[in-house]
> 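Before anything else, here's the structure in question.
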Amino acid sequence: MPMKIIEHFVNGINFPGMSKRTSKVFNPATGEQTAEVKLASVQDVDIAVQSAKKAFISWSNKSPLQRARVMFRFKELIEKNSEELTKIIVSEHGKVFDDAKGELTRGLEVVEFACGIPQMLKGEFTENVGTEIDSWSIRQPLGVCAGITPFNFPAMVPMWMFPMAIACGNTFILKPSEKDPSCSIKLAELFTEAGLPDGVLNVVNGDKEVVDAILTNKKVQAISFVGSTPIAKYIYENSAKNEKRVQALGGAKNHCVVMPDCDLDQAVNGLMGAAYGSAGERCMAQSVAVAVGNIGDDLVSKLSKKVDALKVGPGMDKNSEMGPLVTKEHLEKVRGYVDLGVKEGAKLVVDGRNIKLQGYEKGFFIGGCLFDNVNRDMKIYKEEIFGPVLSVVRAKNFDEAIDLVNKHEFGNGTSIYTRDGDTGRTFASQIKVGMVGINIPIPVPVAFHSFGGWKRSLFGDQHMHGPEGVRFYTKLKTITSRWPSGVRSNPEFIMPTMK
Ligand code: NAD
């Protein structure tokens, strides 16, 4: 059978593009190649941007209510096709079915939020800012916006971006991860079926060459990026250089602080899901557990039993709790970090490196790994591993735990387990991290709040979706007006002020 080819989606239809370059797409559970994805050329990107620029003229002039109606139909189609979309995610990413469904739902919630765009674009009005002078502010769309997304949330992260941008009246170029691009194509097809005019949402597949073509394209007004920190920084710098608005979300090393007074079983269950869910390939994964005071031994003992018992298997098997990693290269990288941790002197309490699954010998599997006695000088503490590896760091007291979190270069998410309100409140107030959970292991903000980290987890100043999303995808205009009858005053040469 000929290999499946994944094309681009431009101007409302599948688009093969001119480029002959391709990249391989795998099923991570079997390790088999399932498709070739086309990698666009600069010319292909240009065709997509031209189509988005043309579509902007009429789409931006539609009333917010008309745009919302298309959103409502898109929401219905996502719900109707959720089974198929979920299977697509599992087949290219590898995460377990229910987790894939969860990410799709989180993306759908942004579409639901975007259905309320008429309310969010209402603007502000002040009567009589001066004598018989009124002033109002409106938010207008930017033009062609682009989104560049990572492999780990092939549905949710693109849906943090394009529904918001499009509801605000922009048109969009989406460049999904070349590792799992099919979900984005399916979403664009469904949006078109919902009545979205051709050219409003385009999907261009590719790698660095395509990203650079987007960054340097003069017609693209704004870039939303989610991915690793070095690339986020590159996107931030080059967007600024090319005079584009930018939000670039990067990597993470999220700490979960476990206080001695907490409900330990709650904390352990929370940590298990947060560290090993999606095989640790989440930007909000808790990869460091900070055991405060004397709780460390009990924490490690309870965790190790559960990590040992983790059910690792293919994502489509309903019994699996954790699927494979996304690629062979990523598997080798994660294994390399576990080797390094042992060399650095951390205690490997559970070693998942040699797991073998019958019938899936070529899949990209690794079992859950648990390290104890990790310290702040180790590379496995400083760097993002992005796999099912949890490091336990011991801290003498609450202040030392706060210091650890605040001194880390990343500041995406963090959480604390405690029964003490004062400790929880102090933590939320003093911690230098963008998203904080109190007895909540993965504090991902819902669609009507905004998602984003601090420090080297986000370059730029606006977070994704929610009110910040509306601000990012619109520019502010303030109008001041008076309707005088006849000439009422002489020329004034001083700065007008209210008397
Ligand atoms: P990545 O940085 O390798 O890739 C992200 C995107 O950038 C992809 O579309 C990719 O094609 C493109 N890209 C890769 N190399 C490039 C280069 N040299 N120049 C230009 N573009 C390039 O990230 P990934 O491995 O796909 O995703 C995992 C990373 O994403 C992790 O670091 C994770 O923490 C991060 N992430 C962050 C968030 C967040 O909200 N902060 C959310 C999800 C994932």
Side-chain angles (χ1 to χ4, degrees), residues 21 23 25 28 37-40 45 92-95 103 106-107 110 146-161 173-181 183-184 203-216 223-239 246-254 278-287 325-327 329-331 333-334 337 383-387 408-414 433-435 442-445 450-460 462-466 468-469:
R21 293 187 315 125
S23 173
V25 177
V37 59
K38 292 253 183 175
L39 302 177
V45 172
E92 292 183 353
H93 177 283
K95 62 178 75 177
E103 89 151 92
R106 275 306 185 93
V110 179
I148 299 154
T149 55
F151 79 83
N152 67 321
F153 283 108
M156 182 182 81
V157 171
M159 284 201 274
W160 282 353
M161 302 172 182
I173 308 290
L174 173 63
K175 205 299 283 172
S177 169
E178 62 276 38
K179 292 175 187 141
D180 46 14
C183 187
S184 292
V203 182
V204 179
N205 288 309
D207 51 5
K208 178 173 164 47
E209 203 172 310
V210 172
V211 172
D212 287 342
I214 293 171
L215 284 169
T216 50
I223 310 260
S224 299
F225 173 87
V226 176
S228 58
T229 288
I231 314 295
K233 187 165 184 282
Y234 174 81
I235 300 283
Y236 181 65
E237 288 170 355
N238 284 282
S239 298
V246 59
Q247 50 181 182
L249 277 60
K253 193 83 180 176
N254 305 310
S278 196
E281 292 170 324
R282 288 182 184 144
C283 63
M284 290 291 274
Q286 297 283 5
S287 48
L325 293 175
V326 68
T327 57
E329 293 71 36
H330 192 54
L331 174 64
K333 183 176 159 197
V334 172
Y337 269 113
E383 296 176 12
E384 183 183 42
I385 299 174
F386 221 54
H408 205 285
E409 66 167 308
F410 297 122
N412 213 38
T414 187
V433 171
M435 294 169 283
I442 312 183
V444 175
S450 301
F451 183 107
W454 284 16
K455 299 187 272 185
R456 303 191 79 234
S457 293
L458 192 155
F459 301 94
Q462 256 141 12
H463 292 195
M464 295 268 165
H465 64 70
E468 292 261 292

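Remember, it's 1-based here, ligands and their atoms both numbered in the order they're listed. Everything quoted here is computed from the prediction, not taken from an experiment.
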> If you measure every N or O of F151 against every N or O of ligand 1, does any of those distances drop under 3.5 Å?
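For ligand 1, there is an N or O atom that lies under 3.5 Å from one belonging to F151.
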> Using a 3.5 Å cut-off on N or O atoms only, is I235 in polar contact with ligand 1?
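Min N/O separation from ligand 1 is not below 3.5 Å for I235.
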> What protein heavy atom is closest to atom 21 (N) of ligand 1, reported as residue, atom name and distance in Å?
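The protein heavy atom lying closest is V211 CG2, 3.4 Å.
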> Do any nitrogen or oxygen atoms of E384 come within less than 3.5 Å of a nitrogen or oxygen of ligand 1?
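N/O-N/O distance below 3.5 Å exists for this pair.
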> Between OG1 of T327 and NZ of K333, what distance do you get to the nearest 0.5 Å?
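That separation rounds to 9.5 Å.
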> Record the part of R282 in heavy-atom contact with ligand 1 below 4.0 Å; permitted values are side chain, backbone, both and neither.
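Near ligand 1, R282 shows nothing, with every heavy atom at 4.0 Å or more.
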> Please answer whether the main-chain N or O of P181 pairs with a side-chain N or O of N205 as donor and acceptor at a distance below 3.5 Å.
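No; judged by distance alone, with no hydrogens or angles, the pair does not exist.
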> Name the orientation class of the two ring planes belonging to H465 and F451 (parallel below 30°, tilted from 30 to 60°, perpendicular beyond 60°).
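H465 and F451: tilted rings.
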> Specify the protein heavy atom at minimum distance from atom 7 (O) of ligand 1: its residue, its atom name, and the distance to 0.1 Å.
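Here the nearest protein heavy atom works out to F225 CE1, 3.4 Å.
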> Taking S23 for the side chain and V37 for the main chain, is one N or O donor matched with an acceptor at less than 3.5 Å?
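No: the side chain of S23 does not pair with the backbone of V37.
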> Would atom 25 (O) of ligand 1 count as contacted, meaning some protein heavy atom under 4.0 Å?
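At least one protein heavy atom is under 4.0 Å away.
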> Taking only Lys NZ, Arg NE, NH1 and NH2, and the carboxylate oxygens of Asp or Glu, determine whether K233 and E237 approach each other closer than 4.0 Å.
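Salt bridge: yes.
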> How long is the span from the CE atom in M156 to the CE atom in M161, to the nearest 0.5 Å?
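M156 atom CE to M161 atom CE measures 10.5 Å (nearest 0.5 Å).
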> Would V226 count as a polar contact of ligand 1, with the cut-off being nitrogen or oxygen pairs under 3.5 Å?
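So ligand 1 has no N or O lying under 3.5 Å from an N or O of V226.
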> Under 4.0 Å from ligand 1, counting heavy atoms only, is it the side chain of N412, its backbone, both or neither?
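Within the 4.0 Å criterion, N412 contacts ligand 1 through side-chain atoms alone.
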> How many angstroms lie between CD1 in I223 and NZ in K175, if you round to the nearest 0.5 Å?
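Nearest 0.5 Å value for the CD1-NZ distance: 12.0 Å.
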> Please answer whether the main-chain N or O of N254 pairs with a side-chain N or O of T414 as donor and acceptor at a distance below 3.5 Å.
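No; zero donor-acceptor contacts below 3.5 Å.
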> Who's the nearest protein heavy-atom neighbour of atom 3 (O) of ligand 1, and how far?
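Going by distance alone, atom 3 (O) of ligand 1 is nearest to S228 OG, 4.0 Å.
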> Roughly how far apart are T149 OG1 and L249 CG, rounded to 0.5 Å?
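With rounding to 0.5 Å, OG1 (T149) is 12.0 Å from CG (L249).
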> Just which atoms of ligand 1 are under 4.0 Å from any heavy atom in N152?
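Once the distances to N152 are compared, the set is 43 (C), 44 (C).
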> Give the residue and atom name of whichever protein heavy atom lies nearest to atom 16 (C) of ligand 1, and the separation in Å to one decimal.
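Its nearest protein heavy-atom neighbour is I231 CD1, 3.6 Å.
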> State the atoms of ligand 1, each with its element, that fall below the 4.0 Å cut-off from a heavy-atom position in W160.
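In order of numbering, the contacting atoms are 40 (O).
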> Heavy atom of F410 under 4.0 Å from ligand 1?
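No; F410 lies far enough from ligand 1 that no heavy-atom distance drops under 4.0 Å.
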> Do ligand 1 and T229 have nitrogen or oxygen atoms that lie under 3.5 Å from each other?
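In this structure, T229 places no N or O atom under 3.5 Å from an N or O of ligand 1.
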> Considering only non-hydrogen protein atoms, determine which one is nearest to atom 19 (N) of ligand 1 and report residue, atom name and distance to 0.1 Å.
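For this ligand atom, the closest protein heavy atom is K208 CG, 3.4 Å.
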> Would you kindly specify which portion of M464 sits under 4.0 Å from ligand 1, judged on non-hydrogen atoms: side chain, backbone, both or neither?
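Near ligand 1, M464 shows nothing, with every heavy atom at 4.0 Å or more.
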> Can you sort out which atoms of ligand 1 are near E178, meaning under 4.0 Å from one of its heavy atoms?
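Contacts of ligand 1 toward E178, numbered from 1: 10 (C), 11 (O).
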> Measure the spacing between SG of C183 and CZ of F153 and express it to the nearest 0.5 Å.
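That separation rounds to 12.5 Å.
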> Looking only at protein heavy atoms, identify the closest one to atom 8 (C) of ligand 1 and say how far it is in Å.
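Here the nearest protein heavy atom works out to T149 O, 3.2 Å.
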> For atom 36 (N) of ligand 1, find the nearest protein heavy atom and state the residue, atom name and distance (0.1 Å precision).
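Going atom by atom, the protein heavy atom closest to atom 36 (N) of ligand 1 ends up being C283 CB, 3.6 Å.
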> At a 4.0 Å threshold, what atoms of ligand 1 neighbour a non-hydrogen atom of I148?
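Counting from 1, the qualifying ligand atoms are 6 (C), 7 (O), 9 (O).
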> Look at ligand 1 and say whether G453 reaches it with a heavy atom at a distance under 4.0 Å.
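Per 4.0 Å heavy-atom rule, G453 does not contact ligand 1.
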> How many angstroms lie between atom CG of L215 and atom OG of S239, to the nearest 0.5 angstrom?
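Result: 5.0 Å between the selected atoms.
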> Judged by atom type as modelled, is there a donor-acceptor pair below 3.5 Å linking the side chain of D180 to the main-chain atoms of E92?
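Such a contact is absent between D180 side chain and E92 backbone.
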> Of all the non-hydrogen atoms in the protein, which one sits nearest to atom 41 (N) of ligand 1, and at what distance?
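Here the closest protein heavy atom is G250 O, 2.8 Å.
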> Could you tell me whether the side chain of E384 and the main chain of A252 form a donor-acceptor pair under 3.5 Å?
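Yes: the side chain of E384 pairs with the backbone of A252.
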> Would you say that more than 12 heavy atoms from the other residues, nucleotides or ligands in this model lie under 6.0 Å from the OH of Y236, or not?
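12 or below, so no.
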